Amino acid sequence: MIILNARSTDNAQLNESVRAAKGDCEIVGCIGERFIGAGLSDKTINIKGIPGNALGAYLNGAKIRVDGNAQDAVGDTMNEGEIIVNGNAGDAAGYAMRGGKIYIKGNAGYRAGIHMKEYRGKSPVIIIGGRCGSFLGEYQAGGLIVVLGLHKDGKRIVGNFPCAGMHGGKVLIRGNAEDIIFPDKVSAKRATEEDMSAAKGYIKEFCSVFSIDENEVLSSPFTIVTPDSANPYKRMYVEN
Amino acid sequence: MLLKEGQVRIPSGCAVSAVISRDGNLMSGERIVASMKPMHERSNGLGGGFAGYGIYPDMAEFYAFHMFFDDKESKKICETYLKDGFEIVKAEPLPVRKIPAITDEPIIFRYFLSPLRSRIADAQVDEREFVARAVIHINVKIDGAYVVSAGKNMGVFKAVGFPEDVGEFYRLDEYSAYSWTAHGRYPTNTPGWWGGAHPFGLLDYTVVHNGEISSYDANRRYIEAYGYKCTLQTDTEVFTYIADYLLRRRGLTLEETANVIAAPFWSTIERKPPEERERLTYLRNVFSGLLVTGPFSIILGFEGGLMALNDRLKLRSMVVAEKDDRVFIASEEAAIRVLEPDAVNVRAPEGGEPVIVRVKEGRY
């Protein structure tokens, strides 16, 4: 593992060092450096400190682990790979991602999964362990977003206006979501075994990564949100 | 000729940061300047600024006017105007440190002023209204003179440059404040005038702002009907006047002011308990012209406290944290970690949810 100290460098130099490193890296002393790992397809990057905005933007297969909180736009437009955040993430996590996985142990901010999409063999996944802000999955066109609600502060699992403009993909919210108001162009109902089957593997992996009891997580009912095919947004935007 | 702000419109990006001690402990300006460094990319060198509260304890009874002048002539005209309404207790150049990164500075002066009782009586207004009117008069009527800040025991320090350099230029390491706010500017259209940097101040109110007000003209028209004059066309100016109007002149609380500026959607109001629903409906209806739309995160500074607020859609980032008596607010957590690596209770307030921090009574 190659150790890189973020303190003595700037964004561009740090990213240059990460790219040039022959093998896996650990970045220490991170304090707001942006675009870490942008576009990378190889190696694992471990981060100590607070990585800056657009962590793993355009990620193309590399693995990133953050030992703490991440800022805004984690995995912006990522294509493949995984980002694991052992804390909270800021706004717009997984913005327009079309492949790979983002696992956030704690809470996510506003607009998690905005413009997320899938394409041919690629289908992205975001799992949020705690709660998330308003506009979850806004304009979602594909992929899977799971919100587990394991937070302890008593706040609602999802903020206002979730799934606004959703025209593809799935959102799974742990619990009955009875206090959440969805737009009338999506359908929210209790997830069946079949609905859960595709997501279970990811949820189990999430639990194993963060040492969470998977049985407790999966013993709860889930609510599944999908575009309402009888009343779609779909054709308002594109043929897909 | 370079167009000044007010002659050309400037939408901006930006970074904000703030720290306040609830116990009123004084903190050197050095740390708040350092906190802007990890957010360097959020600015483009065309504006940086700071506001400090509690910086003039020995002159706390006087209004501290920080002023920019284009030339000696405008300074002379402005001083004549000031002498007519105020006793000038002290007038001096604001101390600066000449550095290569900051150039083309205007004449920067500091006045400690005591408004004349007789003139206040003549005007038939209270003292703060008298001072506010003087500030607006200078900014609108005296060409080449600009009031940067005009509160008691506080001051704004701003310039064209990156915030780190602006802090060094104004020697902020030599000031101590119980509350600091900071701003780094990213205007996308660039006359880059010193007066257009943030914070914007009127009396003890100052505002730093990251964002862009879509409702600017609607808000400007409303507020100008009450004697304010938006001379710069930069949106932050209107926030400062809205705050002054609602808080000082209409006597609203900070929470109410936040509920006006970032009023919840009607669909959100409908879901509130009856009493709260009625209150929010009242505020939205009465002050409909002061609803601010578009992305923003602002920090309002005032004597004895701070209020941070996001637009109701939360289109800009803002993080809050604390440690012991101190509360931190910034566009990014990284900035907070510079101020205090061990900050706890790190959280992102919701859109339209004000974060209000006050210094304990008697400690400022």
Side-chain angles (χ1 to χ4, degrees), chain A residues 6-7 9-12 14 29-36 47-55 66 68-74 85 87-93 106-112 114 130-135 138 151 153 155-156 158-161 164 179-184, chain B residues 13-15 17 34-43 162 164 184 186 210-211 262-272 295 297 310-321 328 330-353:
Chain A
R7 284 291 159 101
T9 167
D10 66 17
N11 291 338
L14 179 63
C30 214
I31 187 127
E33 289 79 7
R34 287 152 195 255
F35 314 116
I36 292 177
I47 297 174
K48 296 240 157 69
I50 307 290
N53 293 358
L55 169 72
V66 184
N69 297 340
Q71 295 190 160
D72 296 339
V74 171
V85 179
N88 302 326
D91 294 337
N107 306 325
Y110 273 45
R111 299 184 174 77
I114 178 173
R131 58 182 166 80
C132 62
S134 297
F135 304 103
E138 194 175 28
H151 60 294
D153 62 10
K155 293 200 175 168
R156 214 162 65 199
V158 171
N160 294 330
F161 314 112
D179 54 352
I180 301 170
I181 296 174
F182 294 97
D184 59 8
Chain B
C14 314
S17 177
S35 79
M36 297 302 283
K37 284 183 189 162
M39 302 192 292
H40 185 81
E41 282 77 14
R42 300 181 79 99
S43 317
F162 280 104
E164 308 91 284
Y186 201 132
N210 165 19
F265 287 93
W266 290 115
S267 64
T268 308
I269 291 176
E270 269 169 33
R271 298 177 67 186
K272 302 280 183 189
S297 63
N310 263 129
D311 66 271
R312 56 198 188 156
L313 294 173
K314 198 179 185 294
L315 292 160
R316 285 293 179 273
S317 50
M318 182 180 291
V319 183
V320 178
F328 313 94
S331 302
E332 297 183 18
E333 186 179 340
I336 292 175
R337 295 290 170 196
V338 170
L339 286 162
E340 177 52 67
D342 300 320
V344 294
N345 199 11
V346 180
R347 65 211 146 88
E350 285 172 35
E353 173 196 349

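Every chain is numbered from 1 and lettered A, B, ... according to where its sequence line falls, protein lines coming before strand lines. Quick caveat: nothing in here was measured; it's all calculated off a predicted structure.
- Between Asn160(A) and Arg271(B) the shortest side-chain heavy-atom distance falls below 4.5 Å.
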Given Val346(B) and Asn88(A), is the side-chain contact (heavy atoms from CB on, under 4.5 Å) satisfied, shown in steps?
-> CA-CA 9 Å; Val346(B) 180; Asn88(A) 302 326; 6.0 Å; no
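- Using a 4.5 Å cut-off between heavy atoms, Val319(B) makes no contact with chain A at all.
- For the pair Arg337(B) (side chain) and Gly32(A) (backbone), a donor-acceptor distance under 3.5 Å is absent.
- Between Glu332(B) and Arg34(A) a salt bridge is recorded (basic side-chain N to carboxylate O distance below 4.0 Å).
- If you measure heavy-atom distances from Asn107(A) to chain B, you find no contacts under 4.5 Å at all.
- Considering every non-hydrogen atom in both Gly351(B) and Tyr110(A), the closest pair reads N-OH, 2.8 Å.
- With a 4.5 Å cut-off on side-chain heavy atoms, Asp91(A) and Met318(B) do not count as touching.
- Checked against Glu333(B) for a side chain to side chain contact (heavy atoms under 4.5 Å, CB included), the options Ile31(A), Asp72(A), Ile50(A) give a single hit: Ile50(A).
- Residues Phe135(A) and Leu313(B) are in side-chain contact: their nearest non-hydrogen atoms beyond the backbone lie under 4.5 Å apart.
- Checked against side-chain hydrogen bond (donor to acceptor under 3.5 Å, both in side chains), Ser297(B) has no partners two or more places apart in sequence or in another chain.
- A side chain to side chain contact (heavy atoms under 4.5 Å, CB included) with Asn53(A) holds for exactly one of Met39(B), Arg42(B), Glu41(B); it is Arg42(B).
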